[in-house]
There are 2 protein chains.
Amino acid sequence: MLEQGAGSGPGAPVAAVRGSIRDRVESAVREALLTGRFVPGRAVTLRGLASELGVSPMPVREAVRSLSAGHALEVRPNGRIQVPTMTEARLAEILKARLLLEPELAEMAASYPADLDADALAALDDRVDESLIGGDAETYMRFNHAFHFHIYRASRSEVLLPLVENLWLQFAPFMRTVYGRVGTAALDDHHKEAVQAVRDGDAEALRSAVAADIRCGMELLDR
Amino acid sequence: MLEQGAGSGPGAPVAAVRGSIRDRVESAVREALLTGRFVPGRAVTLRGLASELGVSPMPVREAVRSLSAGHALEVRPNGRIQVPTMTEARLAEILKARLLLEPELAEMAASYPADLDADALAALDDRVDESLIGGDAETYMRFNHAFHFHIYRASRSEVLLPLVENLWLQFAPFMRTVYGRVGTAALDDHHKEAVQAVRDGDAEALRSAVAADIRCGMELLDR
DNA sequence: ACAGCGAAATTGTGATCACATAGCCTGTGC
DNA sequence: GCACAGGCTATGTGATCACAATTTCGCTGT
């Protein structure tokens, strides 16, 4: 379920992955949350994750603790851990926060056209469209995330960006269940406008495109 | 240094030592950061904290991991942990984020006048003024934090509030060093206007007062 | 067949140990 | 006097063990 790349055999440090085992675990869980492989309400156990990833429970404890600090995972009163369930109030707040922060990041990013790299962005959008047609929700979520954060990362933000990353971790699992119900075909994003804004170097247009894209995803939920 | 017993002054609720040792450790460190007892650049070691608090390094590891996830503590490339140092860019972003989120929380809070409790809020502001005159930066920071979050908590926010808490953890240690240099006497907040707005039940006025208060603290830094 | 109870398994928490590495300090040679 | 090398210490990381609380499952009695 969570295997990532090369075999996790002992003695094979897997040069590609960086640093500590804890970081690998955290990356794996983040990826699972962002692509919707972890469904809301799903129980997450330390030993379970540990054995899935072939590591001891120790690094899992720290990774899970780190994620639950940002409400990407939920620690229930009895101590058990699970993927948070969504409520109407929480979703409304997440969308409010997104509309406040993400357009701001987009506007900041417009100051660094080289980092924005319109061609790379357009290529990502193509992959988004492909997966939309294919109806593969997991792939769609991966590339949609990549598209957005390709823009946001260009802002070179140290503060807003981590906040937004947390927000995505919080609503991604829920979105996956929505796509499971209504499918992905009905989605129409505003990525094209964003790409054009990047090509034009129009910061305000980029901000608007991002805001429109977020609102668009929101409307999907009224059904 | 980190004791959180009866010695702590009023206004320092410190979450009444619930449950796990890890939570106690995390609360203690949060409190130390928010009141400026942890100065930027200060080294934080697991064993050091553990012995200070009289616990084993294990719960400290998780508490520190949790805090570093929100950039309240910084894990350096070599693995060492320290209170983050402030940069101009980071500070600018934090203030931008505060101006985006905190007025929003204030406006949301206006929907719950009972929770806002104008009298309690005014009492907190009195304590803020007292400590401003006394020049006790640590007490001032404690009550200023209590004042703001008394308002914010009334919003019953589940998403924005944790984000703002993280922001405060990030800039509080730096503010302490500023107060150490310029003193607290020169501070003029907009708390009175906020209290009045609460009494009037004027959401827009409350939002403006909070925004003005944040901008005010920002101007202090240009010197 | 079903409700109630008790044993067993699961799970998070905390402690202790082992280890590799990065700092730091001291001692030595120039 | 100063630069450098050596060992020594401090520190984070990961593993394993013990334990209490909770859940879960199976058994029993009616």
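Chain letters run A, B, ... following the sequence lines, proteins first, then strands; residues in each count from 1.
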* Under the 3.5 angstrom rule, does the side chain of Glu62(B) hit a backbone N or O of Arg22(B) as a donor-acceptor pair? -> no
* Asked: Taking it one step at a time, do Leu169(A) and Arg30(A) satisfy side chain to side chain contact (heavy atoms under 4.5 Å, CB included)?
  -> CA-CA 7 Å; Leu169(A) 287 172; Arg30(A) 291 172 83 98; 3.8 Å; yes
* Any chance the side chains of Thr45(B) and Arg47(B) put a donor and an acceptor closer than 3.5 Å? -> no
* To do: Please state how far atom CD in Gln82(B) lies from atom C1' in dA22(C), giving the value in whole angstrom units.
  => 15 Å
* Mind checking Arg65(B) for me? I need base, sugar-phosphate or nothing, with any heavy atom below 4.0 Å counting as a touch. => sugar-phosphate
* To do: Round to a whole Å and report the spacing from CD1 of Ile21(B) to P of dA21(D).
  => 14 Å
* Structure fact -> Between CE of Met58(B) and P of dC17(C) the distance, given in whole Å, is 12 Å
* To do: Give a yes/no answer on whether the side chain of Arg61(A) brings an N or O atom under 4.0 Å of OP1 or OP2 in dA15(D).
  => no
* **Separation of dG12(D) C1' from Glu62(B) CD (nearest whole Å)** => 15 Å
* Find the distance Asp23(A):CG to dT13(D):P and express it as a whole number of Å. => 8 Å
* Compare side-chain N and O positions of Asn78(B) against OP1 and OP2 of dT21(C) and report whether any pair is under 4.0 Å apart. => no
* First of Arg80(B) and Arg47(A) reached from the 5' end of DNA chain C, by closest nucleotide -> Arg47(A)
* Rounding to a whole Å, what distance do you find between Leu49(A):CG and dT10(C):P? -> 16 Å
* Can you measure from CZ (Phe147(B)) to CG (Leu121(B)) and round to the nearest 0.5 angstrom? => 4.0 Å
* **Atom pair distance, as rounded to whole Å: CG in Leu46(B) and P in dT16(C)** => 15 Å
* Asked: For DNA chain D, whose closest nucleotide is more 5', that of Arg22(A) or that of Pro57(A)?
  -> Arg22(A)
* To do: Would you classify Val44(B) as touching base, sugar-phosphate or nothing, given that sugar-phosphate means primed atoms plus P, OP1 and OP2, and contacts are heavy atoms under 4.0 Å?
  => sugar-phosphate
